[in-house]
Amino acid sequence: MARLPRLVIPGLPMHVVQRGNNRQATFFAEDDYCVYLEAIEKAIKKYSVDVHAYVLMTNHVHLLLTPYEDVGLARFMQAVGRRYVRYVNRVYQRSGTLWEGRYKSAVIDTDAYLLKCYRYIEMNPVRAGMVKRPGEYRWTSFHRNALGKSDDVICAHAKYEELGKTDSDRQAVYLTYFSTHLGDEDIKAIRDGTVEQNAIGNDRFCEEIEQMLKRRIKLYSHGGDRKSKEFVCNKTLLSG
């Protein structure tokens with residue numbers, strides 16, 4: 001089946017997932033996480049991208065970001081990936097593929113799903129059973145968004161800024177969102193949208209994007225394609 005062009009709309013937030021090749025680890029020591037975050041910080045300065053939330057897992061990463069140029073996301077991800085891979089190959093004296101070929105990404109309906117995607121990303125270590133509370137995991141933007149700790153990577157989205165008049169007010173409101181887990185329907189919408197690499201939002205949101213781009217954003221196919229090994233594998237990997 002032909003693959004639709006990657007969906008990027010400057011100014012709209014996106015959920016991005018990049019995972020290790022064949023589920024293999026991509027971070028091996030604490031210094032590695034620091035180097036990856038440094039790579040993000042350098043790429044932010046060079047390309048027109050804001051990062052709003054992230055979590056670095058042992059074998060994949062989740063990012064919530066907004067690109068401001070058509071090619072901004074691709075160049076940002078390439079810059080981060082190449083810089084980090086060079087570091088890993090040098091430090092661990094390895095070669096070959098570290099990341100899976102293509103990162104997954106989806107445009108987010110700001111009103112309906114942006115803050116849910118924040119929570120989806122920062123709750124990832126809890127869903128994976130690594131910690132009981134998101135603040136117990138070190139490599140996540142939760143410490144900035146909910147607890148107010150310094151993080152040069154993070155730029156608050158306007159929707160987050162609306163949570164309160166001051167930083168402390170916003171953090172207090174944001175923290176209350178983590179008293180409950182996301183519903184299964186919301187989790188499914190975020191995962192499916194990212195696997196299919198189109199949009200995370202309701203039908204009206206998708207229709208508005210299609211009208212804007214003057215093309216469809218979803219592949220219409222026979223049901224068997226959704227049962228393919230590739231689709232099932234991608235969906236399973238994104239469940240982390």
Side-chain angles (χ1 to χ4, degrees), residues 3 6 8 14-67 69 71-106 117-118 120-131 134-145 149-155 191 194-195 197 230 233-240:
R3 187 166 56 194
R6 187 183 295 281
V8 178
M14 304 191 69
H15 176 224
V16 180
V17 179
Q18 187 163 35
R19 54 180 178 262
N21 190 43
N22 294 325
R23 301 196 193 191
Q24 295 175 353
T26 53
F27 301 99
F28 310 94
E30 288 198 357
D31 285 349
D32 303 346
Y33 296 94
C34 295
V35 170
Y36 189 88
L37 291 175
E38 289 172 2
I40 289 180
E41 189 176 351
K42 290 181 182 299
I44 287 171
K45 295 176 180 178
K46 188 172 183 180
Y47 305 103
S48 298
V49 172
D50 286 339
V51 175
H52 313 300
Y54 67 82
V55 66
L56 311 184
M57 304 295 282
T58 54
N59 65 355
H60 67 285
V61 304
H62 289 260
L63 304 172
L64 175 61
L65 53 79
T66 300
E69 298 177 357
V71 296
L73 174 63
R75 291 177 176 174
F76 171 83
M77 293 301 294
Q78 288 170 1
V80 173
R82 288 172 181 170
R83 188 179 189 91
Y84 183 68
V85 169
R86 285 198 299 268
Y87 158 82
V88 169
N89 288 348
R90 174 174 54 82
V91 170
Y92 296 103
Q93 298 183 352
R94 66 177 299 281
S95 61
T97 301
L98 179 66
W99 301 109
E100 186 179 69
R102 280 171 58 92
Y103 58 87
K104 305 291 184 182
S105 62
C117 201
Y118 264 91
Y120 173 85
I121 289 171
E122 293 175 354
M123 284 293 286
N124 201 269
V126 177
R127 288 195 304 275
M130 301 173 72
V131 294
E136 295 173 357
Y137 192 75
R138 180 175 178 182
W139 309 107
T140 168
S141 55
F142 179 85
H143 300 285
R144 171 65 183 90
N145 293 325
K149 295 184 178 179
S150 177
D151 190 331
D152 293 335
V153 165
I154 294 300
C155 176
R191 288 176 177 170
T194 309
V195 167
Q197 301 194 82
E230 179 182 4
C233 181
N234 283 338
K235 190 168 182 180
T236 299
L237 290 173
L238 275 173
S239 65

S.K.: Just to verify, what does Arg138 make a salt bridge (charged side-chain N to carboxylate O under 4.0 Å, His left out) with, not counting sequence neighbours?
M.R.: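 Partners of Arg138 under the salt bridge (charged side-chain N to carboxylate O under 4.0 Å, His left out) test: Glu30.
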
S.K.: For residues Leu63 and Met77, report the shortest heavy-atom separation together with the two atoms involved.
M.R.: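 The pair with the smallest heavy-atom distance is CD1-SD, 3.9 Å.
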
S.K.: Hey, are the side chains of Asp50 and Leu65 touching, using non-hydrogen atoms and a 4.5 Å cut-off?
M.R.: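 Answer no - side chains too far apart.
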
S.K.: Please identify each residue that fulfils side-chain contact (heavy atoms from CB on, under 4.5 Å) with Ser48, with sequence neighbours left out.
M.R.: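 So Ser48 forms a side-chain contact (heavy atoms from CB on, under 4.5 Å) with Tyr68, Glu69.
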
S.K.: Might you work through the side-chain contact (heavy atoms from CB on, under 4.5 Å) test for Trp139 and Leu37, ending with a clear yes or no?
M.R.: CA-CA 9 Å; Trp139 309 107; Leu37 291 175; 4.1 Å; yes

S.K.: Between Val8 and Pro67, is there a side-chain heavy-atom distance shorter than 4.5 Å?
M.R.: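 When only atoms from C-beta onward are counted, Val8 and Pro67 do touch, with a gap below 4.5 Å.
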
S.K.: Out of curiosity, Leu98 CG to Arg82 CZ, how far, rounded to the nearest 0.5 Å?
M.R.: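 It is 14.0 Å, given to the nearest 0.5 Å.
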
S.K.: Do His60 and Asn124 have side chains that approach each other closer than 4.5 Å (heavy atoms only, starting at C-beta)?
M.R.: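 Yes; the side chains approach each other to less than 4.5 Å.
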
S.K.: Side chains of Arg19 and Lys104: closer than 4.5 Å at any heavy-atom pair?
M.R.: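 Yes, close enough: below the 4.5 Å cut-off.
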
S.K.: Is it true that a side-chain atom of Asp151 and a backbone atom of Val153 form a donor plus acceptor pair closer than 3.5 Å?
M.R.: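 Yes; at least one donor-acceptor contact below 3.5 Å.
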
S.K.: Nearest 0.5 Å please: distance from the NE2 atom of His15 over to the CZ atom of Arg191.
M.R.: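 The NE2 atom of His15 sits 10.0 Å away from the CZ atom of Arg191.
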
S.K.: Enumerate the side chain to side chain donor-acceptor pair (under 3.5 Å) contacts for residues 86-95, please, sequence neighbours excluded, ordered by first and then second residue.
M.R.: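 For residues 86-95, and leaving out neighbouring residues, the side chain to side chain donor-acceptor pair (under 3.5 Å) pairs sorted by first residue read Asp32-Tyr87, Asp32-Tyr92, Asn89-Arg94.
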
S.K.: Using only atom types and a distance under 3.5 Å, with no angle test, would you say the side chain of Ser105 pairs donor to acceptor with the backbone of Gln197?
M.R.: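 Not at all, since once roles are kept as given, no pair shorter than 3.5 Å links the two residues.
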
S.K.: Can you find a heavy atom in the side chain of Arg127 that is under 4.5 Å from one in the side chain of Tyr120?
M.R.: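 Result yes, sub-4.5 Å side-chain heavy-atom pair found.
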
S.K.: Find out whether Gln18 and Val80 are in side-chain contact, i.e. whether some heavy atom of one side chain is under 4.5 Å from a heavy atom of the other.
M.R.: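 A side-chain contact under 4.5 Å is absent here.
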
S.K.: Determine, step by step, whether Phe142 and Ile121 satisfy the side-chain contact (heavy atoms from CB on, under 4.5 Å) criterion, reporting the C-alpha distance in whole Å, the side-chain angles of both residues, the deciding distance to 0.1 Å, and the verdict.
M.R.: CA-CA 9 Å; Phe142 179 85; Ile121 289 171; over 6 Å; no

S.K.: State which residues pass salt bridge (charged side-chain N to carboxylate O under 4.0 Å, His left out) with Glu136; sequence neighbours excluded, sorted by chain then number.
M.R.: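 Only Arg133 meet the salt bridge (charged side-chain N to carboxylate O under 4.0 Å, His left out) criterion with Glu136.
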
S.K.: Would you compute the distance between atom NE2 of His143 and atom CD1 of Ile154 and round it to the nearest 0.5 angstrom?
M.R.: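 Going from NE2 on His143 over to CD1 on Ile154, the span is 11.5 Å.
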
S.K.: Can you measure from OG1 (Thr26) to CD (Glu100) and round to the nearest 0.5 angstrom?
M.R.: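 Reported value, rounded in 0.5 Å steps: 12.0 Å.
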
S.K.: Is any side-chain heavy atom of Val91 closer than 4.5 Å to a side-chain heavy atom of Phe28?
M.R.: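 Contact flag for Val91/Phe28 side chains = no.
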
S.K.: Could you pull out the closest heavy-atom pair between Thr140 and Pro134, with the gap in Å?
M.R.: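 For Thr140 and Pro134, the tightest heavy-atom pair comes out as CG2-O, 4.0 Å.
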
S.K.: To the nearest 0.5 angstrom, please state how far the NZ atom of Lys149 sits from the OG atom of Ser141.
M.R.: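 The distance works out to 13.0 Å.
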
S.K.: Less than 4.5 Å apart, side chain to side chain, heavy atoms only: is that true for Leu73 and Val49?
M.R.: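 No. Closest side-chain heavy atoms not under 4.5 Å.
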
S.K.: Sequence neighbours left out, what passes ring pair (Phe, Tyr, Trp, His ring centres under 6.0 Å) with Phe27? Give chain and number order.
M.R.: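 Ring pair (Phe, Tyr, Trp, His ring centres under 6.0 Å) list for Phe27, sorted by chain: Tyr33, Tyr36, Tyr84.
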
S.K.: Strictly by ring-ring contact (aromatic ring centres under 6.0 Å, His included), give each pair with a member in residues 38-58 just once, sequence neighbours left out.
M.R.: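 Applying ring-ring contact (aromatic ring centres under 6.0 Å, His included) to every pair that reaches into residues 38-58, excluding sequence neighbours, yields His52-His157.
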
S.K.: Would you check if the side chain of Tyr137 reaches a backbone N or O of Glu122 as a donor-acceptor pair within less than 3.5 Å?
M.R.: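 Answer holds: no.
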
